[in-house]
Amino acid sequence: MKKSIISLFFALAVLIVLPFSAASQGKTKSISLEEMKDKIAGAWVGQMIGNIYGLPHENKYIDAPGPENWPYGYTKNLDKLKSYGGAFSDDDTDVEYMYLLQMNKFGPEPSYEQLREAWMYHIRDRVWLANRGALGLMHFGYTPPFTGSRDLNPHWYQIDPQLINEIWAFTAPGMVNYAAQKSDFAGRITSDDWGVEPTIHYGAMYSAAFFEKDILKLINIGLGSLPANGRYAQTVRKMISLYNKYPDNWQAAWKEMAEEYYVNEPDMTKTIWNANLNGACGILSMLYGKGDFQKTLDLSCAMGFDADNQAATVAGLLGVMYGFKALPENLYLPIEGWEKPFNDRYINVTRHDLPDASIEGIIDNTVKVTVDLIRSKGGKISGKPGSEKITINTTAVFVPPLEFYIGPLPRMEVNLPVDFTFYSEGNKNFTWKMAGGELPRGISFENGRLTGIPQNTGTFKVNIELSNGKQAITKEFELIVRNRNIAATADTVYANVRALNEAVLDSCWYTFGKSMYAKEVEVIRDGKTNGQGTVFFSLAAKANIPKVDYFGYGWNTAQNIDMIAFHTGCMEEFGGWFTSLNVQVQDENGKWVPVKNLRFTPAFPATDIVYYQPHFVEYLLSFEPVSTNAVRIIGDTKVENHWNKYTKNVSSFISITELSVYPSE
C-alpha cells in the first residue's frame with residue numbers, strides 16, 4: 001500500500017507550530033456553554049440550509065459558473081420541505097448524523113471497525129464514487145483505511161470525505177490539531193493521499209471557527225494543518241492569489257481555477273467531483289463572500305461542479321463562526337407557520353433504520369458528545385447551571401483507537417521474495433508480535449513485517465498481538481502460499497469479448513479516466529492490478545441485455561491445476577460484475593465441464609446489488625486438482641438500472657484486471 005501524503009504517524013508525532021496554529025495561541029481557550037451550543041446549532045442548521053439550497057445546482061455549472069441572479073432561493077426544494085414538514089436528509093448531513101449516533105453509543109472516538117459496522121448496516125442506497133467504493137470493500141471484509149486506499153478504491157481522489165466529516169471538528173472546538181488529525185483519520189474511510197487534504201483543511205477551520213471570525217485568517221489556520229507543499233495547500237494559496245488578482249471579479253478567478261483544476265486536470269483524476277477542484281470552489285466562495293452568509297451561500301452554488309456539497313460545508317462553517325443566532329431567519333424558516341428551524345424536524349429519507357429526529361435533539365446530543373470529548377482531553381466545565389464555562393485544552397491530539405486494520409494479505413508464491421507489512425500509518429507505531437501459529441518456511445516476522453522467500457505451499461494460520469503499551473489485542477490471520485502463476489505461459493487466452501469497444505465506452509456513463517481502460521484482453525495476465533491500462537471492460541455492442549462472459553487460458557500440453565485467482569477491476573454504477581461465477585475445464589474431448597468442489601476465498605457476494613461489489617479485490621477459486629489443457633471462469637453479467645440516459649442501451653460487461661492460474665502439487 002502506497003504511503004499517504006499525510007500520515008497519521010506524522011500527525012501524532014508532531015504538533016504543527018505555525019503563526020496561525022492553535023499551539024501558538026496558548027494552551028487553553030474558554031467559551032460559555034451557551035455560546036458553544038449556539039455555534040454547534042449553527043453548524044447543523046447551516047449545513048442543512050446549504051445542502052437543501054444547493055441541491056438544484058448540483059453538477060449544473062461545468063463549462064461556466066452559475067448566473068449572478070441572486071439570491072437563488074430554495075426553488076423546487078420548497079415543495080419538498082413542505083411535503084416532508086421539515087429538513088430532509090441527504091449525503092451532506094446523513095452520514096454525520098449516523099456518526100453522531102455512533103459517538104452516542106461508543107463515545108467520542110469510535111473505532112474504524114465500529115464505523116464500518118454502521119456503514120454496512122445503515123448505508124444501502126444513495127451512495128456514490130469513493131463512498132460506494134469503500135462500502136463494497138467493507139462488505140468484502142476490509143476495514144478502513146484500506147477501504148479508502150488508492151490501491152483499492154479507484155475513487156480515492158473524489159469529493160466524498162469533505163462532505164461527511166465536519167462533525168469530527170465541530171465536536172472539537174478550539175482543538176485545531178486534534179480536529180485535523182481526526183478528520184484525516186475519518187477521511188481515510190473513503191479516500192487517500194491529497195483526496196483527504198480538503199477534509200483536513202475544513203476540519204481545522206471548523207474547529208478554529210469557534211474563536212475566529214476573519215475568513216482569511218481562518219483559511220490560513222487551516223493551511224497550518226496541511227503539508228506545506230501538498231497539493232491542496234498549493235491550491236488554497238493559488239485561490240488566495242486569484243482573489244488578490246481579481247478582487248472584484250469572481251468569474252475571472254473561477255475561469256482560471258476551472259482551467260487548471262478541471263480542464264487541464266490529468267486524465268486519471270479528471271472529474272467534476274474531484275476533491276481538489278471542489279475544495280478550490282469552496283475557498284473562492286468564502287473569499288468572495290467576505291463573511292456574508294447569503295452571498296457566500298449563493299457563490300458556493302454558482303461555483304458549480306458538485307455545488308451542493310460545498311454549499312453545505314461552507315454554510316456550516318459560517319454557522320460555527322457566527323452561531324445559529326446570526327443565520328438568516330428566512331433560510332431556516334422558509335415555510336409559513338414554522339416557528340423553529342426547519343420545523344424542528346430532520347426526516348431521514350436516505351439511510352436504512354436511521355430514526356427521524358428533532359433538530360434540537362440532534363444539537364443537544366452533539367453538545368453532550370462535545371463536552372465529553374473536551375473533558376477527556378484535559379478540559380473542564382465549571383460554573384453554575386445556566387452560566388457554565390467550558391475550558392478547552394487546545395493542544396489536544398488524536399490517538400487512533402487500538403485495532404487491527406484489515407486489508408489485502410500478502411500475495412505469496414513459492415520462491416518469490418516477500419516484503420509485507422500488516423499495519424497502516426495509523427497503527428504502525430504500536431508493538432506487533434507473533435502470539436502463535438506457524439509461518440511458511442523461509443518467512444520471518446518482526447514487529448508487523450513479513451520478509452523472506454517462502455519455500456512451501458499451503459495455508460498457514462498465525463496469531464498476531466498488537467499492543468499500545470496499556471492494552472493488547474490478538475487476531476488470527478490466514479496466510480496462503482501458492483505455486484507459481486502459470487497464466488503467462490498459456491498459448492491461448494479465452495474470452496467472450498477480446499477487445500474493448502471504445503465507441504460504446506465513449507457513449508456510456510463511465511466515472512474513471514479513460515486511460516484506466518485496456519484495449520485488449522491480454523492485459524489480464526500482465527501482473528498489474530492497478531493504474532493506467534490495467535482494467536479490461538468486456539464492453540461489446542450496444543444491447544441492454546445480460547450476457548455470459550468468460551475468461552481463461554489454454555496450453556498445448558496438459559497442466560495440473562487446483563486454483564484460479566480472479567482480480568476485479570473498477571466497477572461502474574451500471575455494471576462490471578458477475579451475478580454468478582463458476583470454473584470450467586476442458587475434458588479429453590474438448591468439452592467444457594465444471595470443476596469439482598469449487599470454493600471461494602473470501603465468499604462471493606451473496607447479492608448482485610451494486611453497493612456490495614468491491615473494486616480491485618482478489619477472489620481465490622480453489623477446486624479438486626485436475627489435469628487439463630484449458631481452464632476458464634464463466635458467469636452471468638449484471639445490467640443495473642441506472643438514472644443516466646447514456647446507460648440505457650449499453651452492453652453488460654465484466655471489469656477485470658488479472659486472472660491467475662496455479663498448478664497443484
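Everything quoted here is computed from the prediction, not taken from an experiment.
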Could you give me the CA-CA distance, side-chain angles and deciding distance for Phe170 and Leu317, then say whether side chain to side chain contact (heavy atoms under 4.5 Å, CB included) is met?
CA-CA 9 Å; Phe170 65 77; Leu317 180 58; over 6 Å; no
Going through the distances and angles, do Asp344 and Ser358 end up as a side chain to side chain donor-acceptor pair (under 3.5 Å)?
CA-CA 5 Å; Asp344 195 32; Ser358 154; 3.0 Å; yes
Mind running salt bridge (Lys or Arg N to Asp or Glu O under 4.0 Å) on Lys29 and Glu212 for me, showing each step along the way?
CA-CA 12 Å; Lys29 287 184 180 294; Glu212 179 58 67; over 6 Å; no
The test is side chain to side chain contact (heavy atoms under 4.5 Å, CB included); show your working for Trp273 and His155 and say whether it passes.
CA-CA 10 Å; Trp273 313 285; His155 286 297; over 6 Å; no
Passes side chain to side chain contact (heavy atoms under 4.5 Å, CB included), Met257 versus Tyr262? Steps please.
CA-CA 8 Å; Met257 178 274 299; Tyr262 179 64; over 6 Å; no
Kindly indicate, with the supporting measurements, whether the criterion side chain to side chain contact (heavy atoms under 4.5 Å, CB included) is fulfilled by Met98 and Ile123.
CA-CA 10 Å; Met98 181 185 78; Ile123 301 181; 4.1 Å; yes
Assess the residue pair Lys377 and Glu109 against the criterion (salt bridge (Lys or Arg N to Asp or Glu O under 4.0 Å)); give the C-alpha distance rounded to whole Å, side-chain angles, the decisive distance to 0.1 Å, and a yes or no.
CA-CA 11 Å; Lys377 297 301 174 183; Glu109 296 182 340; 3.2 Å; yes
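A salt bridge does not link Lys325 with Glu34: every distance from a Lys NZ or Arg NE/NH1/NH2 to an Asp or Glu carboxylate oxygen is 4.0 Å or more. One finds a salt bridge joining Lys238 and Glu260 here, because a Lys/Arg side-chain nitrogen approaches an Asp/Glu carboxylate oxygen to under 4.0 Å. Salt-bridge check for Arg188 with Asp184: passed, with a basic side-chain N closer than 4.0 Å to an acidic carboxylate O.
Phe185 CZ to Tyr112 OH: the interatomic distance, rounded to the nearest 0.5 Å, is 4.5 Å. The NE2 atom of His201 sits 13.0 Å away from atom OH of Tyr206, with the distance rounded to the nearest 0.5 Å. Atom CZ of residue Arg345 and atom CD1 of residue Ile359 lie 10.0 Å apart, to the nearest 0.5 angstrom. Separating the NZ atom in Lys182 from the OG1 atom in Thr199 is a distance of 15.0 Å, to the nearest 0.5 Å. Expressed to the nearest 0.5 Å, how far CG of Leu287 lies from CG of Leu216 amounts to 6.5 Å. Note that CE of Met268 is 7.5 Å distant from OH of Tyr157, once rounded to the nearest 0.5 Å.
Counted by atom type alone, Thr271 and Gln158 present one or more donor-acceptor pairs between their side chains at under 3.5 Å. Between the side chains of Gln294 and Asp298, at least one donor N or O lies within less than 3.5 Å of an accepting N or O.
Here the closest non-hydrogen pair linking Tyr405 and Ser424 is CD1-CB, 3.6 Å. Between Tyr202 and Val314, the shortest heavy-atom distance links the atoms OH-CG2, 4.0 Å. Gly304 approaches Gln310 most closely through the heavy-atom pair O-NE2, 3.2 Å. Here the closest heavy-atom approach between residue Ile272 and residue Phe305 is recorded as O-CB, 3.5 Å. Nearest heavy atoms, Ala208 versus Val176: CB-CG2, 3.9 Å.
Ring pair Tyr243/Tyr288 is perpendicular by interplanar angle, where above 60° counts as perpendicular and below 30° as parallel. A tilted orientation is assigned to the rings of Trp168 and Tyr99, their planes being inclined by 30° to 60°. The aromatic rings of Tyr84 and Phe88 sit tilted, their planes meeting at an angle between 30° and 60°.
Inter-residue side-chain proximity for Met175 and Ile374 is flagged as met; some heavy-atom pair is nearer than 4.5 Å. With contacts defined as side-chain heavy-atom distances shorter than 4.5 Å, the pair Arg116/Thr147 does not qualify. Using a 4.5 Å heavy-atom threshold, the side chains of Glu96 and Trp44 count as touching. In this structure, Asp90 and Arg126 have side chains that are in contact, with non-hydrogen atoms separated by less than 4.5 Å. Within the 4.5 Å cutoff, the side chain of Ile31 has heavy atoms near those of the Lys39 side chain. Using a 4.5 Å cut-off on side-chain heavy atoms (C-beta onward), Ile335 and Asn343 make no contact. Between Asn276 and Trp194, some side-chain heavy-atom pair lies under the 4.5 Å cut-off.
Surrounding CG of Asn229 are at most 12 heavy atoms belonging to other residues, nucleotides or ligands under 6.0 Å away. The 12-atom threshold is exceeded at NZ of Lys270, counting heavy atoms of other residues, nucleotides or ligands nearer than 6.0 Å.
Judged by distance alone, with hydrogens and angles left aside, the side-chain atoms of Asp193 form no donor-acceptor pair with the main-chain N or O of Gly195 at under 3.5 Å. Formation of a donor-acceptor pair under 3.5 Å by the Ser89 side chain with backbone atoms of Val349 is found in this model. With hydrogens and angles ignored, the 3.5 Å screen pairs no side-chain donor or acceptor of Asn393 with any backbone N or O of Gly379. Checking side-chain atoms of Tyr53 against main-chain N and O of Gly73 turns up a donor-acceptor pair under 3.5 Å. Between the side chain of Thr391 and the backbone N or O of Ser30 there is no donor-acceptor pair closer than 3.5 Å. Using a distance-only test at 3.5 Å, with no hydrogens or angles considered, a donor-acceptor pair links the side chain of Thr313 to the main chain of Asn309.
Remark: aromatic rings of Tyr322 and Phe293 are distant, center separation not under 6.0 Å. Checked against a 6.0 Å centroid threshold, the rings of Phe342 and Tyr332 do not count as neighbours.
In this view, Arg351 and Asp94 satisfy the side-chain hydrogen bond (donor to acceptor under 3.5 Å, both in side chains) rule, not counting sequence neighbours.
Listed by first then second residue, pairs satisfying salt bridge (charged side-chain N to carboxylate O under 4.0 Å, His left out) with a partner in residues 159-169 number zero, not counting sequence neighbours.
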